[in-house]
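Counting convention: from 1, in listed order, for ligands and their atoms alike.
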Amino acid sequence: MSAITNHMPTAELQALDAAHHMHPFTTNDELADKGARVITRAKGVYLTDSEGNQILDGMAGLWCVNIGYGRKEMAEVAARQMMELPYYNTFFMTTHVPAIALAQEITKLAPEGLNHVFFAGSGSEANDTNIRMVRTYWAEKGQPGKSHIISRKNAYHGSSVGSGSLGGMSYMHAQGGMPIPGIHHINQPDWWAEGGDMTPEAFGLARAQELEAKILELGEDKVAAFIAEPVQGAGGVIVPPESYWPEIQRICDAYDILLIADEVICGFGRTGNWFGSQTMGIRPHIMTIAKGLSSGYQPIGGSIVCDEVAEVIGATEFNHGYTYSGHPVAAAVALENLRILQEEDIIERVRTVGAPALKAGLEKLAEHPLVGGLSIKGMMASLPLTPHKESRAKFAADAGTVGYMCRERCFANNLVMRHVGDRMIISPPLIIEPEDIDVFMTRARTALDETYAQLKEQDMLKPAC
Ligand SMILES: Cc1ncc(COP(=O)(O)O)c(C=O)c1O
């Protein structure tokens with residue numbers, strides 16, 4: 001029996017962590033030298049670390065703790081469900097109440113026509129389900145050749161072999177034999193970094209039309225689906241120009257391509273509506289969900305599936321599923337999360353209070369000499385850092401160097417702001433109050449000032465040639 005507790009000295013915990021724990025998306029040797037930050041507890045929007053620091057979590061964990069930390073009701077529901085039925089599967093003609101109730105509740109909240117849920121344990125698993133589901137759908141309709149899936153460069157859809165292949169992160173494809181065959185990536189609608197002299201609207205249209213070009217190149221009878229996040233999250237909170245999504249919808253409709261909206265970040269209130277698809281005005285056939293579904297209190301994800309696809313898939317045995325599909329404790333906890341989101345009007349408050357306050361604060365922060373703009377939708381935002389605002393120039397230093405420096409200054413000021421390359425990312429719990437948004441802005445400004453001073457001192461405020 002392990003005697004490791006929160007009360008042990010930080011250095012001891014770090015040494016044990018380094019000895020036995022391999023971290024995701026980390027150079028573990030480097031971490032072992034530095035020592036991991038040990039988080040011991042959390043309440044509301046604040047984390048406590050093993051040194052007693054109170055850190056404002058501007059990332060809601062990994063974009064997931066929508067209702068904030070420390071909700072007693074969630075723990076009580078989990079305990080009750082563990083006593084009643086801690087586990088049973090949903091294979092072999094069985095079901096249980098938490099899975100039934102959660103599937104019903106999700107479909108009540110989902111856009112019209114999306115009335116079916118296939119559960120998974122995470123967003124990655126759910127996207128793997130989607131690959132198999134859309135290919136099976138077309139095969140069952142007598143078009144097995146309609147199996148190619150189009151995605152976007154710099155998209156993030158998960159880290160399993162299937163979902164990582166859907167994603168468009170080249171550094172991920174460089175390891176482990178990805179992408180799998182039949183996945184194609186078009187350019188992303190990132191006007192700030194790639195728009196050059198084009199207007200955002202012309203650029204958005206051009207990037208959407210790359211989908212049409214790719215369909216024509218592969219053949220309409222070969223393309224099963226297009227997958228995209230309504231607003232790219234892990235790629236840097238990239239809000240597409242307004243011209244983008246209507247054109248994508250037109251193309252999917254015109255060529256009979258299934259549209260998969262990856263709502264893993266955007267879903268459950270992040271953009272100010274239940275789903276990002278509603279915010280961006282799109283009509284997907286399948287939506288990937290995870291993260292905010294349980295506010296991260298339990299690992300659970302899934303695919304919300306439209307009637308037409310569910311009907312076709314339902315006519316055959318779909319040879320797919322996970323031991324933890326619809327896990328009763330995870331489902332009960334997710335259901336409680338949905339109750340809290342609804343009864344406390346959290347998403348309405350995002351629209352009327354949280355998002356406007358965040359936007360007002362970030363607009364002021366965007367005036368900082370190091371910040372080149374603001375990308376924001378609801379309560380997800382990014383601040384691209386630049387040595388030259390007017391030209392939206394990149395730094396001469398390797399991409400991500402300045403972002404990393406700024407992230408470290410944020411931590412030093414008890415603030416979590418993640419960096420993606422040289423963009424600073426903001427995605428706080430949805431329940432953040434205006435006074436905590438003020439605390440966020442004060443700490444973020446200090447971090448930016450310190451980064452700016454450090455860059456000046458090291459002569460790094462130079463644009464790339
Ligand atoms: C849009 C999107 N899809 C899928 C995933 C993968 O989810 P998970 O980490 O739960 O597998 C993520 C994770 O960040 C995501 O942002």
Side-chain angles (χ1 to χ4, degrees), residues 23-26 57 59-66 118-131 133-134 149 151-169 171-172 176 178-179 183 185 188-190 225-240 245 259-271 275-277 279-280 282 284 286-304 322-327 330 333-334 337 375 377-382 416 418-420 423 425-427:
H23 291 246
F25 286 96
T26 297
D57 185 4
M59 274 306 298
L62 266 181
W63 327 75
C64 54
V65 189
N66 289 7
F118 193 104
F119 286 114
S122 66
S124 300
E125 285 182 5
N127 277 326
D128 279 15
T129 298
N130 294 339
I131 295 174
M133 192 178 285
V134 298
I149 301 173
S151 179
R152 304 183 297 186
K153 292 179 189 161
N154 198 36
Y156 189 79
H157 295 299
S159 186
S160 59
V161 174
S163 62
S165 296
L166 289 177
M169 306 272 177
Y171 67 95
M172 285 177 70
M178 296 196 287
I183 314 277
H185 298 88
Q188 58 177 340
D190 182 357
F226 174 65
I227 182 166
E229 304 150 79
V231 175
Q232 277 161 271
V237 184
I238 295 158
V239 181
W245 272 116
L259 175 58
I260 307 169
D262 186 335
E263 296 270 2
V264 168
I265 287 176
C266 293
F268 305 100
R270 177 68 47 204
T271 68
F275 296 97
S277 295
T279 303
M280 305 312 277
I282 50 175
I286 297 176
M287 299 199 305
T288 322
I289 51 172
K291 295 195 191 275
L293 168 59
S294 68
S295 283
Y297 280 65
Q298 283 283 291
I300 184 166
S303 306
I304 317 182
Y322 307 103
T323 298
Y324 301 129
S325 285
H327 188 287
V333 166
N337 176 59
S375 178
K377 194 52 91 178
M379 295 197 85
M380 58 194 292
S382 68
V416 179
R418 174 180 170 183
H419 78 109
V420 170
R423 278 179 155 116
I425 307 294
I426 301 107
S427 166

Practice problem: Output the distance between atom CG (Leu293) and atom OG1 (Thr288), rounded to the nearest 0.5 Å. | Solution: 12.0 Å
Exercise. Could you point out which residue of Ile131, Ile260, Ile183 forms a side chain to side chain contact (heavy atoms under 4.5 Å, CB included) with Ile227?
Key: Ile260
Exercise. Kindly write out the residues that satisfy side chain to side chain donor-acceptor pair (under 3.5 Å) with Ser163, not counting sequence neighbours, or none if the list is empty.
Key: Ser160
Quiz prompt | Short side-chain donor-acceptor distance under 3.5 Å, Asp190 and Asn154 | solution = no
Quiz item: Would you say the side-chain atoms of Ser294 and Asn337 include a donor-acceptor pair closer than 3.5 Å?
Solution: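 No, Asn337 and Ser294 have no side-chain donor paired with an acceptor closer than 3.5 Å.
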Quiz item: Would you say His185's side chain and Ser165's backbone share a donor-acceptor pair under 3.5 angstrom?
Solution: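 Pair found, side chain donor or acceptor close to backbone of Ser165.
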Practice problem: Sort out the contact shell of ligand 1: every protein residue with a heavy-atom distance below 4.0 Å, listed by chain and number. | Solution: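 Only Ser122, Gly123, Ser124, Asn127, Tyr156, His157, Gly158, Glu229, Asp262, Val264, Ile265, Lys291 have heavy atoms that fall under 4.0 Å of ligand 1, ordered by chain and number.
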